[in-house]
Amino acid sequence: MTAPIRVLIVDDDALVRAGLSMILGGTGDIEIVAEAGDGSEVPPLIAAHRPDVVLMDIRMPDVDGLTATEALRAAESPPEVVVLTTFHADAQVVRALRAGAAGFLLKDIPPRELVEAIRKVAAGDPILSPAVTRQLITHVSEDGGHAVRRTDRARDLLAKLSERERDVALAVGQGKSNAAIGRELYMSVATVKAHVSRILTKLDLNNRVQIALTVYDASL
């Protein structure tokens, strides 16, 4: 049997934690290994329980989810982080994605979609729908004076890619799945995955979400 997906829930609202635990704990293939009410509690819980996925609230009283995510993703062999938010794509969510979060979920997400999202992230897939990517593009484009510097850096990064890798990166930036990219570019899913892995290595990025953000920054 496949080992269950180990999940750590981080949220300062006890009712939210209880609801998430109830939904996810009843699936059979997801195990809630620990809960935390603040980002300051995350490092020892990660060390003790080694979760596969962390559900991370953004706004918490002591150490917020953004700071906790940045520290977590900078560590060796970190778990995947999914941001929990009541906002569709505010500036803090974008910063969390830049820090290496695999995606974000709205707190009013239907239970079935929540479960499927956790399974996707555990399997290495991001959870950014095309609708969400459009919102992220808007936030990135409205990011003031930093945008020009990021555009130059992003274009320099993408220049390191081969033409085929660049095609794959652009498709990732459009929120397309590996299967959809394969159909569009006439390659197998395994080949798409190989290209994505090379892109991550060449650009020194954490995950597909960061590829997408690099594409947005490059205004492509």
Side-chain angles (χ1 to χ4, degrees), residues 5-21 23-24 30 32-43 45-46 49 51-75 78-140 142-143 172-173 175 205-214 216-217:
I5 301 165
R6 298 168 60 80
V7 175
L8 166 63
I9 298 173
V10 186
D11 196 295
D12 64 338
D13 188 326
L15 286 177
V16 171
R17 295 199 305 272
L20 291 170
S21 183
I23 292 167
L24 297 174
I30 297 175
I32 306 303
V33 295
E35 298 180 13
D38 189 81
S40 61
E41 302 170 30
V42 170
L45 291 176
I46 295 293
H49 299 283
D52 302 303
V53 177
V54 178
L55 290 179
M56 184 80 76
D57 188 21
I58 288 288
R59 293 165 176 82
M60 291 181 286
D62 186 9
V63 175
D64 62 46
L66 175 61
T67 302
T69 296
E70 290 172 336
L72 182 55
R73 291 300 300 175
E80 297 294 346
V81 177
V82 177
V83 175
L84 290 169
T85 181
T86 55
F87 298 90
H88 283 268
D90 69 2
Q92 288 183 307
V93 171
V94 176
R95 286 179 61 194
L97 296 177
R98 290 191 187 282
F104 69 89
L105 298 174
L106 298 178
K107 289 187 177 181
D108 61 357
I109 185 173
R112 179 179 296 181
E113 292 181 22
L114 170 65
V115 171
E116 287 305 313
I118 297 302
R119 289 170 178 160
K120 284 184 65 176
V121 169
D125 295 324
I127 47 173
L128 289 179
S129 68
V132 168
T133 62
R134 287 192 293 272
Q135 291 174 319
L136 289 175
I137 290 171
T138 300
H139 276 271
V140 169
E142 294 175 349
D143 202 16
V172 170
L205 300 176
N206 276 292
N207 54 36
R208 292 168 67 104
V209 175
Q210 291 191 329
I211 296 175
L213 288 171
T214 300
Y216 305 153
D217 285 341

List, one per line, each side-chain donor-acceptor pair under 3.5 Å for residues 62-71, sequence neighbours excluded.
from, atom 1, to, atom 2, distance (Å)
Asp64, OD1, Leu66, N, 3.0
Asp64, OD1, Thr67, N, 2.7
Asp64, OD1, Thr67, OG1, 3.1
Thr69, OG1, Gly65, O, 2.7

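- Between Leu114 atom CG and Ile109 atom CD1 the span is 5.5 Å, to the nearest 0.5 Å.
- Closest approach of Ala102 to Glu80, counting heavy atoms only: CB-OE1, 3.6 Å.
- Considering every non-hydrogen atom in both Ala96 and Val83, the closest pair reads CB-CG2, 3.6 Å.
- Asp57 contributes atom CG, which lies 10.0 Å from atom CZ of Arg17 (distance to the nearest 0.5 angstrom).
- The two residues Pro79 and Leu72 have their closest heavy-atom pair at CD-CD1, 3.8 Å.
- Pro43 approaches Gly39 most closely through the heavy-atom pair CD-O, 3.7 Å.
- Residues Arg73 and Val81 share a closest heavy-atom pair of CD-CG2, 4.1 Å.
- By the 4.5 Å heavy-atom criterion applied to side chains, Val54 and Ile46 are counted as neighbours.
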Name every donor-acceptor pair, under 3.5 Å, that has one atom in a side chain of residues 5-15 and the other anywhere in the protein, sequence neighbours excluded.
from, atom 1, to, atom 2, distance (Å)
Arg6, NE, His49, O, 3.1
Arg6, NE, Arg50, O, 3.4
Arg6, NH2, His49, O, 2.4
Asp11, OD1, Asp13, N, 2.8
Asp11, OD2, Lys107, NZ, 3.0
Asp13, OD1, Leu15, N, 2.8
Asp13, OD1, Val16, N, 3.4

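- Between Ile30 and Val53, every side-chain heavy-atom pair lies at or beyond the 4.5 Å cut-off.
- Scanning all heavy atoms of the two residues, the minimum distance from Phe104 to Thr85 falls at CD1-CG2, 3.7 Å.
- With sequence neighbours excluded, the residues that form a side-chain hydrogen bond (donor to acceptor under 3.5 Å, both in side chains) with Asp38 are Ser40.
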